[in-house]
Amino acid sequence: MLTLSIFRENKDKVIRGLHKKHVKNPEEIVEQVLLLDRQRRSLQAERDETQNQMNALSKEIGNLMKSGNVEEAEKAKMRSSSLKEKVKELTEQTENLEQELTQLLYTIPNLPHESVPEGQSAEDNVIVQEGGTIPSLPENALAHWDLAHQYNILDFELGNKVTGAGFPFYKGKGAKLVRALINFFLEEAEKAGYTEIQAPHIVNETSGYGTGQLPDKEGQMYKIHQTDLYLIPTAEVPLTNMYRDIILEEKDFPIKLAGYTPCFRAEAGSWGAHVRGLNRLHQFDKVEIVRIERPENSYDVLEEMCAHVQSLLEKLELPYRRIKLCGGDISFNAALCYDFEVFSAGQKKWLEVSSVSNFESFQANRLKLRYRTKEGKIQLAHTLNGSALAIPRVLSALLENNQTPHGILIPKVLQPYCRFDKID
RNA sequence: GGAGAGAUGCCUGAGUGGUUAAAGGAGCAGUUUGCUAAACUGUCACCGGUGUAAGCUGGUGCAUGGGUUCGAAUCCCAUUCUCUCCGCCA
C-alpha cells in the first residue's frame, strides 16, 4: 500500500507511476484519495475537539461528585448527553471515511522504479543479461514429461488419481533430485549469509494482507474450509510477516532469511499444452530468500540477490537469462522486478525459475514494518524477496538439457547431494 | 478435551470506577568529564491541529471486538492467546 504522504507531497509522481503501470484514470484515483484524506482529517479535527470537551466535562462531574454537589453534577450529566451523541456520530463518520480510503489504497499498485522500462506486456520486457550455453540436442530429444515416463522418476497420472491435475508424484531418483536441489539451494543461501527458517505452511488473513496477496490475489490462494487460514503461495508470506508490527534498530540489519516451503497456487488460469508437465503446478517446492533493508541500501541489495540467483544457475550449468520486467508486466506489489529464466531444451522453451523484487516500502506500509534511524526517526523499511530457486522448472531444464543416449547426467555440483551422477 | 489462573510499554511490574500507561530496570541520546566509570537529564506508539523548523497542542491505544457509565486498565459479554493441573497423543 502506498503511503498517504506521497499523494500529499508528490501527486505528479504517483500519476506518472500509475500511467507506467497502465492503471486506468490515475488522475481521478489520486484526486479521490486526496479528497477522502482531506475530509477525514477535518472530520477528525472536529471529533477530537468534541471529545476534548467531553473529557473536560467528565472531569468536572467527577469533582462535583467528590465535593458532594450532586445537583450540579446531575445538570452536567444532562449537558454531556448531547456531546456524547455528537462524538459517536463523528467517530462513526471518521471511521467510515478511513475505511473507504484504505479500501481505495488497497486497489492501487506500487509505483514502478524510474528504471523500469515502458511497456504493455511480457513482449516489452528487456533482457539484461544472458549466460550459459544452450545445448544442441538431437531432433528426437524428449520433453521432461516423456523422460519422466521413460525413467520412471515422475508420475503425473498418479497425481491426477490421488489428488488432481497439478500435483505430481516424484519417484525414486526423481524424488531424490528434488531433495538434493532443496538442500543445495539452502546451503548456498547459508553460505551467502542467510538464516535458514522453517516457517508454517499456513497463514492467517492478516499475513495475507501484510505481503499484499490479499485482497489483490485472493483467487490464487487455497483457503482452508471454515477457517480464515490460507495455504501459502510462497514462503515470502510467512517469512516477511515475521517482521509485521516491528520497529527495528540499526543494529538489527542486515536481515537475511532463507526458507524452503512447498508453495500452493490455486491458479485459476488456463490449462493446456503450454502448462504441461512441471511447467505449472498447484503444489511445488521452492527456496525463497527475503531481505529487509534500509531504503538507501535496497537497490544494492536487489543486485546482490540477483548475483546470488545467477551463481546458482551457473553452478547448475543451465543456460539462463535475466529479464527486467516492464511497467505493464511487473507485479502489483513490486517497484522493480527481475525474472530469471532457464532454457529447457526438450520443449525448447524459456521457463521462469526466479523472480527477484524490491517492494520498497509498499509491503512495509501494510506490515507496519519500520526502523529507527540513527537520528531517532521512525520510518518504513524496504522489503525484498526472490526465488532461489523454484524447483520443478529447474528440474525440467536439468532433465531435458542433460539427456544423452545413456541416461540423464547430473551436474557435478548436485552429485554430493543426491549421490548419483546419472539417471538411467 | 476438562478444571483453574492470567494477558498493562523493550523487560520487570503497581494499579478493584474519577487528573497520570505509577515505579524500577535495559537500550539509546544529551550534559558533565583528560579517558573510563559514576551522576544528572531526556526517551512508548499511532492519528490530527499549528508552525519553515525546533516546538506547542488535541485525540486514541492496558490481548482483540463489543457493552454498561457523565467517566473504564478497573464492571459485563464474546473471541484469541499464555501458564498450571488432569486426560489424550506423533
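Sequence lines set the chain letters: A, B, ... in the order given, protein chains first and strands last, and positions in each chain run from 1.
Just one of A:Val342, A:Leu181, A:Val353 meets the side-chain contact (heavy atoms from CB on, under 4.5 Å) condition when paired with A:Leu316; it is A:Leu181. If you run side-chain contact (heavy atoms from CB on, under 4.5 Å) between A:His144 and each of A:Ile153, A:Leu395, A:Asn279, only A:Asn279 comes through.
At B:U43, none of the side-chain N or O atoms of A:Arg372 fall inside 4.0 Å of OP1 or OP2 (strictly under the cut-off). Here A:Gln51 does not reach the OP1 or OP2 of B:G58: none of its side-chain N or O atoms lies under 4.0 Å away. The phosphate of B:G59 has OP1 or OP2 within less than 4.0 Å of a side-chain N or O from A:Asn55. Phosphate contact (OP1/OP2 of B:C46, side-chain N/O of A:Arg370, threshold under 4.0 Å): present. Taking side-chain N and O atoms only, A:Lys84 has a distance below 4.0 Å to OP1 or OP2 of B:G71. OP1 or OP2 of B:C47 has not a single side-chain nitrogen or oxygen of A:Arg40 nearer than 4.0 Å.
Counted by atom type alone, A:Thr240 and A:Thr211 present zero donor-acceptor pairs between their side chains at under 3.5 Å.
Separating the P atom of B:G6 from that of B:A90 is a span of 34 Å, rounded to the nearest Å. The P atoms of B:A14 and B:A7 are separated by 9 Å, rounded to the nearest whole Å. Nucleotides B:C89 and B:U82 are separated by 22 Å at their P atoms, to the nearest Å.
Distance, A:Ile246 CD1 to B:C46 C1': 16 Å, rounded to whole Å. Across the protein-nucleic acid pair, A:Lys77 atom NZ and B:G71 atom P stand 9 Å apart, rounded to whole Å.
A cation-pi arrangement is found for A:Lys173 relative to A:Phe420, the charged atom lying closer than 6.0 Å to the ring centre and inside a 45° cone about the ring normal.
Within 4.0 Å of A:Ser80, counting heavy atoms only, lie sugar-phosphate atoms of the nucleic acid but no base atom. Residue contacts for A:Leu57: at a heavy-atom cut-off of 4.0 Å it reaches no nucleic acid atom on any strand shown. Among the protein residues, A:Ile378 comes within range of the sugar-phosphate backbone only, with heavy atoms under 4.0 Å from sugar or phosphate atoms but none that close to a base.
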- Item | Dot-bracket notation for RNA chain B, counting Watson-Crick and G-U pairs under 3.5 Å, with | for partners on another strand | ((((((((.[[[..)..(....]]].(((((.......)))))(((((((....))))))).[[[[[..)....]]]]])))))))....

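Scanning all heavy atoms of the two residues, the minimum distance from A:Cys337 to A:Ser355 falls at SG-OG, 3.3 Å.
Judged by distance alone, with hydrogens and angles left aside, A:Asp48 brings a side-chain donor or acceptor within reach of the base of B:G58, the pair sitting under 3.5 Å.
By the neighbour-count criterion of 12 heavy atoms within 6.0 Å, atom NZ of A:Lys176 is sparsely surrounded, having that number or fewer from other residues, nucleotides or ligands.
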